[in-house]
> 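After the structure tokens below, expect a handful of questions from me.
Chain identifiers are assigned alphabetically (A, B, ...) following the order of the sequence lines, protein sequences preceding nucleic acid strands; residue numbering begins at 1 within each chain. All values derive from a computational prediction rather than experimental measurement.
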Number of protein chains: 2
Amino acid sequence: MHKSAEIKQLLATHNLRSTRARSLILGLLLHENRHYTPDEMLAELKNQGKPLSTATLYQNLRQLTDKGILAKFSGKNSVLRYDINTEEHNHIVCTDCGRVLDVNLEGSLDHLIPKPLPDTKSDLAQWLVATKHLEFKGVCPDCQKV
Amino acid sequence: MHKSAEIKQLLATHNLRSTRARSLILGLLLHENRHYTPDEMLAELKNQGKPLSTATLYQNLRQLTDKGILAKFSGKNSVLRYDINTEEHNHIVCTDCGRVLDVNLEGSLDHLIPKPLPDTKSDLAQWLVATKHLEFKGVCPDCQKV
DNA sequence: TTACGTGCAAACGTTTTGCACAAAC
DNA sequence: GTTTGTGCAAAACGTTTGCACGTAA
């Protein structure tokens, strides 16, 4: 299936109309290993001669995130970034340049269960745990050279 | 050691002067199982009759975070929160009300190693991995009642 | 044809800055 | 005495809103 058809179907299955703004946004994030900030998206789209208004971008980012199509996370300096929310994956963040890489895990998270801190009376046992996200921090190859 | 002495020492070991603002901030976060937003800190301190200016709060939060005394993380709706950066610990976040609990792990993260995604040519092997932070998401007991 | 999406400009909340004065060392 | 921290007000920044018009279904 080619890209625009894939986007249409993705939107349809989530009961979202297929619009120019949504296609442009998903066009950026789908099949790209990048994690754009809203600002970067605006710049990139402007570059491509397909400008989008700020309001429209933010409105759509929110809808797409609410529907679970996109995932929002905060990278270096708490800058918000978005990526396509495919199956569960994890991140490694460079503490130097802020670069983010998606990673899989060698080993499983299944055996990891939250446990109350030693000196706390917490109600942790009553929580319903839904997801686990592991974030690695480290230094990327480029930043090691300096 | 009593609290104010503990704070003085903490600051001294990080080459930071002992000032009113820093003592108030650390006074809030030390030994408290809460994760304040900047706004909540301002309100709480005002409440205690020890008001702090916005500028001073933010300047100090930045310095304390840079020195590694505090840790910053983004909770529900990407609201920034701070906690004392003691030994490694993990978080569980309620997807409903945004409540955050510190947790330990039953089981170890040691065997978890980042692995490239299947369809990617990444330079992951060259990264230096420093830390791992696991975030659970779920629903807290209070929000299950509704 | 109706509900929803878009762009503009203005509003909003949070964080940062410039500067004069005060406190820490 | 020098360096660093503080408070104020103003500015900057990212995000959201109100509204008139355009588009998808």
> Tell me: NE2 of A:His14 to C1' of D:dA24, nearest whole Å?
19 Å

> Taking side-chain contact (heavy atoms from CB on, under 4.5 Å) as the criterion, tell me which of B:Ile92, B:Val139, B:Val103 meets it with A:Trp127.
B:Ile92

> Judged by modelled atom types alone, do B:Gln59 and B:Gln63 share a side-chain donor-acceptor pair under 3.5 Å?
no

> Does the distance from a Lys or Arg side-chain N to an Asp or Glu carboxylate O, for B:Asp66 and B:Lys72, drop under 4.0 Å?
no

> Please tell me which of B:Leu80 and A:Pro51 maps to the more 5' nucleotide of DNA chain C, matching each residue to the nucleotide holding its nearest heavy atom.
A:Pro51

> Checking all strands, does A:Asp39 fall into the base, sugar-phosphate, or nothing category for heavy-atom contacts under 4.0 angstrom?
nothing

> Is A:Ser53 near enough to C:dG7 that one of its side-chain N or O atoms lies under 4.0 angstrom from OP1 or OP2?
yes

> Can you measure B:Leu16 atom CG to D:dT4 atom C1' for me and round it to whole angstrom units?
11 Å

> Can you find a heavy atom in the side chain of B:Tyr82 that is under 4.5 Å from one in the side chain of B:Met41?
yes

> Mind calculating the distance between CG (A:Asn77) and P (C:dT16) to the nearest angstrom?
9 Å

> Ignoring backbone atoms, test whether B:Gln59 places a side-chain nitrogen or oxygen under 4.0 Å from the OP1 or OP2 oxygen of D:dT4.
no

> The side chain of B:Arg62 is closest to which nucleotide in this list: D:dT16, D:dG7, C:dT17?
C:dT17

> Would you mind classifying the nucleic acid contact of A:Thr19 as base, sugar-phosphate or nothing, using non-hydrogen atoms under 4.0 angstrom?
sugar-phosphate

> Describe the nucleic acid contact of B:Ala55 in one word from base, sugar-phosphate, nothing, applying a heavy-atom distance below 4.0 Å.
base

> Under 4.0 Å between a side-chain N or O of A:Arg22 and OP1 or OP2 of C:dG5?
yes

> A:Tyr58 OH to C:dC8 C1': how many Å, rounded?
16 Å

> Could you give the CG-to-C1' distance, from A:Leu57 to D:dT17, as a whole number of Å?
16 Å

> Is there side-chain contact between B:Phe73 and B:Val100, with at least one heavy-atom pair below 4.5 Å?
yes

> B:Lys46 has an atom NZ; how far is it from atom C1' of D:dG7, in whole Å?
14 Å

> Confirm from the modelled atom types if B:Arg17 and D:dT3 form a donor-acceptor pair under 3.5 Å, side chain to base only.
yes

> For the pair made of NZ in A:Lys67 and P in C:dC4, what is the distance, rounded to whole Å?
11 Å

> Check this one for me: any side-chain N or O of B:Thr56 less than 4.0 Å away from OP1 or OP2 of D:dG7?
yes

> Rounded to the Å, how far apart are A:Arg81 CZ and D:dT15 P?
11 Å

